[in-house]
Amino acid sequence: MSVTGIFTAAAVVGVVGIFVGLFLGAAGIRFQVETDEKEEAVLAALPGNNCGGCGYAGCSGLAAAIAKGEAQVNACPVGGEPVGKKIAAIMGVEAKEQERMTAFVACQGDCDKANTDYEYSGARDCRIMGFVPGGGPKSCSSGCLGFGSCVAACPFDAIHVENGVAVVDREACKACGKCVAACPRHLISLIPYSARIAVACSSADKGPVTMKACKTGCIGCGICVKNCPSQAVAVADFHAVIDQEKCVGCGACAEKCPKKAIVEIGGTAGGTRHQG
């Protein structure tokens with residue numbers, strides 16, 4: 001190739017490069033997406049866990065919804081009240097009081113209290129127990145299976161299986177709801193952190209059936225109802241239910257429960273342990 005040809009090729013490449021650069025620059029200006037300063041500030045204030053506990057696809061989704069007025073400023077369960085106040089200041093609104101929530105496992109059926117129908121050896125995943133005989137080795141068809149699907153789902157290391165039953169560390173729990181969604185038996189729920197009394201059983205079987213399956217299952221006897229001074233306890237479907245708004249935390253129901261299915265919670269360093 002001659003020197004002239006080389007210079008010609010270089011010139012063509014240069015002209016094409018300049019043209020492409022100008023075209024891309026113009027396109028960038030034409031199609032640029034304007035950023036919302038408030039949205040960026042809200043996103044910066046969020047903890048960045050992207051857990052989805054707020055109901056949106058990550059922190060960016062929540063930030064966009066808050067900036068548009070489609071979500072509450074305190075919608076982040078991980079950040080809680082402190083983050084809610086920061087975002088309220090950014091949005092120029094008043095932050096409403098937010099009650100802290102925590103996960104609670106309504107079961108005490110550990111290896112010492114729950115009976116088993118057979119020895120199981122296989123995949124350790126609660127979600128597949130619906131495909132094995134009896135829905136799992138434990139006799140109680142409503143109890144914790146103890147294979148840790150909730151543990152795998154928790155992004156904050158706030159729940160662990162201890163002696164065959166899931167236990168929540170209330171101090172580490174951010175109430176994101178991941179464990180609630182992961183439990184195939186729906187044993188985990190979010191309750192107020194301030195709650196002091198809860199029913200640690202989910203069985204809806206009649207008393208004799210429950211007693212055969214677990215030493216500490218609720219038998220629906222109604223003694224708790226008779227001893228509650230604030231009328232916060234009721235029995236439905238052979239199962240005690242506590243109205244946390246009415247409960248004053250006196251502990252009378254827990255004290256009188258013959259099966260110790262109602263427990264006192266909270267008040268221990270490093271996490272929650274049942275006091276019943």
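In this structure Leu43 satisfies the side-chain contact (heavy atoms from CB on, under 4.5 Å) test together with Cys59, Ser60, Ala63, sequence neighbours excluded.
At a threshold of 4.5 Å between side-chain heavy atoms, the hydrophobic network of Ile, Leu, Val, Met, Phe, Trp and Tyr places Val241 and Phe104 in two separate groups. When the side chains of ILVMFWY residues are joined at heavy-atom separations under 4.5 Å, either directly or via intervening members, Val161 and Val180 end up in a single hydrophobic cluster. When hydrophobic clusters are built by joining Ile, Leu, Val, Met, Phe, Trp and Tyr residues whose side-chain heavy atoms come closer than 4.5 Å, directly or via intermediates, Val199 is not grouped with Val248. Hydrophobic cluster membership differs between Ile223 and Ile262, with clusters built from Ile, Leu, Val, Met, Phe, Trp and Tyr side chains linked at under 4.5 angstrom.
Nearest heavy-atom pair across Gly222 and Val235 is CA-CG2, 4.0 Å. The two atoms that bring Cys173 and Ala175 nearest to each other are SG-N, 3.3 Å, heavy atoms only. Nearest heavy atom pair, residue Gly164 against residue Lys138, reads O-NZ, 2.7 Å. Of all non-hydrogen atoms in Ile242 and Cys247, the two that sit nearest each other are CG2-CB, 4.1 Å. Among all heavy-atom pairs drawn from Cys144 and Ala166, the shortest one is SG-N, 3.4 Å. Heavy atoms only, all atoms of each residue included: Ala103 and Ile188 are closest at CB-CG2, 4.0 Å.
With rounding to the nearest 0.5 angstrom, the SG atom of Cys250 is 9.0 Å from the CD atom of Glu264. For the atom pair NZ of Lys256 and NZ of Lys226, the computed distance is 12.5 Å after rounding to the nearest 0.5 Å. Asp205 contributes atom CG, which lies 9.0 Å from atom CZ of Phe238 (distance to the nearest 0.5 angstrom). Interatomic distance, OG of Ser141 versus CG of Asp117, reported as 10.0 Å (0.5 Å rounding). In this structure, Cys150 SG and Lys178 NZ are separated by 14.0 Å, a value rounded to the nearest 0.5 Å.
No donor-acceptor pair closer than 3.5 Å links the side chain of Glu245 to the backbone N or O of Ala232. Not a single donor-acceptor pair under 3.5 Å links the side chain of Lys174 to the backbone N or O of Pro77. With hydrogens and angles ignored, the 3.5 Å screen pairs no side-chain donor or acceptor of Glu81 with any backbone N or O of Arg100. Listed for the Ser139 side chain is a donor-acceptor partner under 3.5 Å among the backbone atoms of Asn115. At distances below 3.5 Å, at least one donor-acceptor pair connects side-chain atoms of His239 with backbone N or O atoms of Ser203. At distances below 3.5 Å, at least one donor-acceptor pair connects side-chain atoms of Lys260 with backbone N or O atoms of Glu255. Of the possible polar contacts, none joining the Tyr193 side chain to the Glu171 backbone as a donor-acceptor pair under 3.5 Å is found.
Side chain to side chain, Ser142 and Ser202 fail the donor-acceptor criterion of an N or O pair below 3.5 Å.
Here the side chains of Thr102 and Ile191 are in contact, with some heavy-atom distance below 4.5 Å. Annotation: side chain of Cys140 is not in contact with side chain of Thr210 (no heavy-atom distance under 4.5 Å). The side-chain heavy atoms of Leu145 and Arg185, taken from C-beta on, include a pair separated by under 4.5 Å. The side-chain heavy atoms of Ile159 and Val105, taken from C-beta on, include a pair separated by under 4.5 Å. The closest side-chain heavy-atom distance from Lys259 to Met211 is below 4.5 Å.
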Report all side-chain donor-acceptor pairs from residues 120-128 shorter than 3.5 Å, counting only partners two or more places apart or in another chain.
{"unit_1": "Tyr120", "atom_1": "OH", "unit_2": "Ala123", "atom_2": "N", "d": "3.1"}
{"unit_1": "Tyr120", "atom_1": "OH", "unit_2": "Ala123", "atom_2": "O", "d": "2.8"}
{"unit_1": "Asp125", "atom_1": "OD1", "unit_2": "Arg127", "atom_2": "N", "d": "2.9"}
{"unit_1": "Asp125", "atom_1": "OD1", "unit_2": "Arg127", "atom_2": "NE", "d": "3.1"}
{"unit_1": "Asp125", "atom_1": "OD1", "unit_2": "Ser149", "atom_2": "OG", "d": "2.8"}
{"unit_1": "Asp125", "atom_1": "OD2", "unit_2": "Arg127", "atom_2": "NH2", "d": "3.0"}

So Phe156 and Val78, side chain to side chain contact (heavy atoms under 4.5 Å, CB included) or not? Walk me through it. CA-CA 10 Å; Phe156 304 102; Val78 178; 3.5 Å; yes

Kindly determine whether Gln108 and Val165 satisfy side chain to side chain contact (heavy atoms under 4.5 Å, CB included), including the steps that lead there. CA-CA 7 Å; Gln108 296 183 96; Val165 68; over 6 Å; no

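Exactly one of Cys214, Cys218, Cys257, Cys107 qualifies for a side-chain contact (heavy atoms from CB on, under 4.5 Å) with Cys201. That residue is Cys218.
Within 6.0 Å of CG in Asp237 there are 12 or fewer heavy atoms belonging to other residues, nucleotides or ligands.
The other residues sharing a hydrophobic cluster with Val73 are Val42, Leu46, Tyr56, Leu62, Ile66, Val83, Ile87, Ile90, Met91, Val93, where clustering joins ILVMFWY side chains under 4.5 Å apart.
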